[in-house]
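I have placed the structure first, in the form of structure tokens, so that the comments after it can refer back to it.
It should be emphasised that the depicted structure is a prediction, and the values quoted were computed from it without experimental measurement.
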Amino acid sequence: MIVKMKHLDLLSVATEGEATLKALRDLGAVHLDLGSATGLGVQKAKGEIEDAEKAYRFILKCRENLEGTIGVETLSVEEILELASSIDTLKSEKDRLERLIKEYAPYGDFDPVLAKSLIEKGIDLSSVAELPKKLPEVRLSKMESSLAEVNAKIASLTLEIAKADEKKIEEKFPSLKDSMAFEAAKELLTAKGSVALVSGWIPATKVEALKSAATVNGWGLLVRDVAEGEVPPTLIEPPKFFKSVKALFDGLGIAPGYTEADVSVPFMCYFSLFFAMLVGDGGYGAIFLAATLWAWKKFGTSPWVKLLTVFSTGTIIWGLLSNTWFGAGIPWCADWPTVKWLGGVGAEQGHEYDNMMFLCFTIGVTHLMLARIWNGICQINSRSCLSQFGWAGIVLFMYLVTNSIVGIFSGIPTWAFWMFGISFLTVFIQSKGIDKGMLFLNAMSVLGDIISYVRLFAVGLASVKVAENFNMMAVDLGLPIWIKWLPLVLILLVGHGLNLAMAGLSILVHAVRLNTLEFSNHKGISWSGYQFKPFNKTEK
């Protein structure tokens, strides 16, 4: 569900402004519009974060060139940036010396001071040696010596930075982030005479805790409902098993509008199915699961680890159903009913493409009809529910049309035309203004929405075929086995690695699209909300 929000105006004694903000931060229940603060304090704190990030990157960059170096020295951010600045200056000097050496190397290691003195005395040196038109300030050997010194200094400073303990800097990021947030909150705190005011949003479930804190701290509170025209942040509280989907929303940077529905349950269910079908290979799912279990052991439980466990397990199950493992199949699984029906690896080829398209269209119609029926149930006390149920009928009719177009069904039954006519008429009666004129085009767009789900089959099939081709390329090298094994392993690693990367990209593009576009358009989710982020301390 989407948690109900309350608008908060909090009054405190102006001289206790910072103490009030600290108490609010400890409470961790109030959303403040910190992003709107751009004052000098915020800019300074932001600059400190950027400096820490630069120092952190400098350490890692220097360590790349010095493999085996361990961070054991404690250097401050300022010291690291100063060393890095010195390196940049030395690199500029290095470039200058290298250009001079390249320019004067063809003339040899002559003494420019002596040459200049002889020329000034009228002595013609052209018969003795070829000299540049413009004489250098020092001789070539001196330039080379200076270049060696500069390179040595660069190496020394690089080693000094590489030895810095980046974990000490990493530990500062939470406090730096908290400092910037606190400076932003101070900017939002407006003082009028002896009174200070700060406004924000608080979940209705946290109001009692706020009142208790107000009693302790002597605050004045004005807590009211959301007024017309106000846009509060969105806080989603999915059922316990589906809470980890919030990490996916955070990662994608999306949130439904405050007045819209919480679609976290169907989003996670269908996304898991899309993930499995788009990857399309149980072997890849096993790799994902192994990496997830390692992360679980290394870093502990987190929403992302839980999500990837579900997605990986789903992919392995799909691999079992289709008998697809790294582009190959297990021979004794080829006769499984699911493998035959899906046309998995090792199964006899027949109507498997029709079956897969039928499955994709069926997934699509359930996805879109769920959205429409859900809307209808939510609007059951209003006549507008008739329009939503009418759209569900149109979706079902377009599903039948789609299957008929591609030859899966031999035709459309008579009852479906009656259903479409009644559904279309119902939606037309409930529509207003321009919606009536656009109704036919909108109905036809439903056909495109259902066809869009065939991407699950097309992308998954492409992934399997790419894996199969790399396997064939590796096996059919035509070399003796004692020579063949190394290129065989390299081809398999590169090929399947590339396929894994493509699978990840397809998930980001197609699985996200089907949820946030096709389904959301029918459900009425605009994803125009912004996430509820309480003013609190950063844990890590």
Side-chain angles (χ1 to χ4, degrees), residues 1 235-256 262-330 333 336 338-339 342 344-345 359-360 363 366-367 370 453 455-457 459-460 463-464 467 493 496-516 519 531 539-540:
M1 67 173 184
L235 174 60
I236 297 175
E237 284 295 341
K240 184 176 180 181
F241 183 78
F242 298 92
K243 282 187 179 295
S244 56
V245 77
K246 292 173 66 175
L248 184 58
F249 291 162
D250 292 344
L252 295 172
I254 58 175
D262 174 17
V263 293
S264 53
V265 173
F267 196 107
M268 183 170 175
C269 291
Y270 278 92
F271 194 94
S272 301
L273 176 60
F274 299 159
F275 188 105
M277 293 181 69
L278 289 167
V279 175
D281 193 299
Y284 295 163
I287 292 177
F288 289 142
L289 183 60
T292 303
L293 294 178
W294 174 84
W296 199 311
K297 183 177 180 181
K298 183 75 174 178
F299 306 109
T301 59
S302 72
W304 274 112
V305 169
K306 294 177 181 178
L307 269 181
L308 290 174
T309 300
V310 174
F311 297 159
S312 304
T313 303
T315 307
I316 293 174
I317 293 173
W318 181 262
L320 288 169
L321 295 175
S322 62
N323 191 29
T324 308
W325 304 91
F326 298 109
I330 302 173
C333 297
W336 287 9
T338 57
V339 177
L342 294 172
V345 178
L359 176 61
C360 292
I363 291 171
T366 61
H367 205 196
L370 169 64
Y453 283 79
R455 69 184 67 227
L456 298 172
F457 163 56
V459 176
S463 177
V464 173
L493 287 176
H496 288 288
L498 178 63
N499 211 19
L500 273 171
M502 291 172 60
L505 182 61
S506 66
I507 291 164
L508 287 175
V509 174
H510 302 296
V512 172
R513 176 200 164 97
L514 291 175
N515 273 297
T516 59
F519 171 78
Q531 297 171 357
E539 295 182 1
K540 58 182 179 179

Restricting to ring pair (Phe, Tyr, Trp, His ring centres under 6.0 Å), what partner residues turn up for Trp296, sequence neighbours left out? none
Nearest 0.5 Å please: distance from the CD1 atom of Ile287 over to the OG1 atom of Thr292. 11.5 Å
For Pro238 and Val245, which heavy atoms make the closest approach, and how far apart are they? CG-CG1, 4.3 Å
Restricting to pairs with a member in residues 294-320, which pass salt bridge (Lys or Arg N to Asp or Glu O under 4.0 Å), not counting sequence neighbours? none
Rounded distance (nearest 0.5 Å) linking atom CD1 of Ile363 with atom CG of Leu359: 4.0 Å
Which atom names give the shortest non-hydrogen contact between Ile236 and Pro256, and what distance separates them? CD1-CD, 3.7 Å
Please identify each residue that fulfils ring pair (Phe, Tyr, Trp, His ring centres under 6.0 Å) with Phe311, with sequence neighbours left out. Phe271, Phe275
Distance from Thr315 atom OG1 to Leu320 atom CG, nearest 0.5 Å? 11.0 Å
Applying side chain to side chain donor-acceptor pair (under 3.5 Å) to His510 and not counting sequence neighbours gives Arg455
Please name the pair of heavy atoms, one in Ala247 and one in Pro303, separated by the smallest distance, quoted to 0.1 Å. CB-CB, 3.5 Å
Between Pro266 and Leu370, which heavy-atom pair has the shortest distance, and what is it? CB-CD2, 3.9 Å
So CG of Leu278 and CG of Leu514: to nearest 0.5 Å the spacing works out to 7.5 Å
Strictly distance-based, threshold 3.5 Å: is any side-chain N or O of Thr338 a donor or acceptor partner for the main-chain N or O of Leu321? yes
Interatomic spacing from CD1 in Ile507 to CE in Met502 - rounded to 0.5 Å: 12.0 Å
Does some side-chain heavy atom of Trp318 sit less than 4.5 Å from a side-chain heavy atom of Thr324? no
One pair to check against side chain to side chain contact (heavy atoms under 4.5 Å, CB included): Met268 and Asn515. What are the steps and the verdict? CA-CA 9 Å; Met268 183 170 175; Asn515 273 297; over 6 Å; no
Flag side-chain contact, heavy atom, 4.5 Å: Ile316 against Trp325: yes
Verdict with reasoning, Phe274 to Val459, per side chain to side chain contact (heavy atoms under 4.5 Å, CB included): CA-CA 11 Å; Phe274 299 159; Val459 176; over 6 Å; no
Any chance you could measure Leu307, atom CG, to Thr309, atom OG1, to the nearest 0.5 Å? 8.5 Å
Got a sec, which residues hit ring pair (Phe, Tyr, Trp, His ring centres under 6.0 Å) with Phe326, two or more places apart in sequence or on another chain? Tyr284, His496
Write down the atom of Gln531, the atom of Ala255, and the distance for their closest heavy-atom approach. CG-CB, 3.8 Å
Polar side-chain atom of Ser463 near backbone of Gly460 as donor-acceptor pair, under 3.5 Å: no
State which residues pass side chain to side chain contact (heavy atoms under 4.5 Å, CB included) with Ala291; sequence neighbours excluded, sorted by chain then number. none
Correct closest heavy-atom pair for Phe288 and Ser312 would be CB-OG, 3.1 Å
Under 3.5 Å donor-acceptor, Asp281 side chain and Gly327 backbone: yes
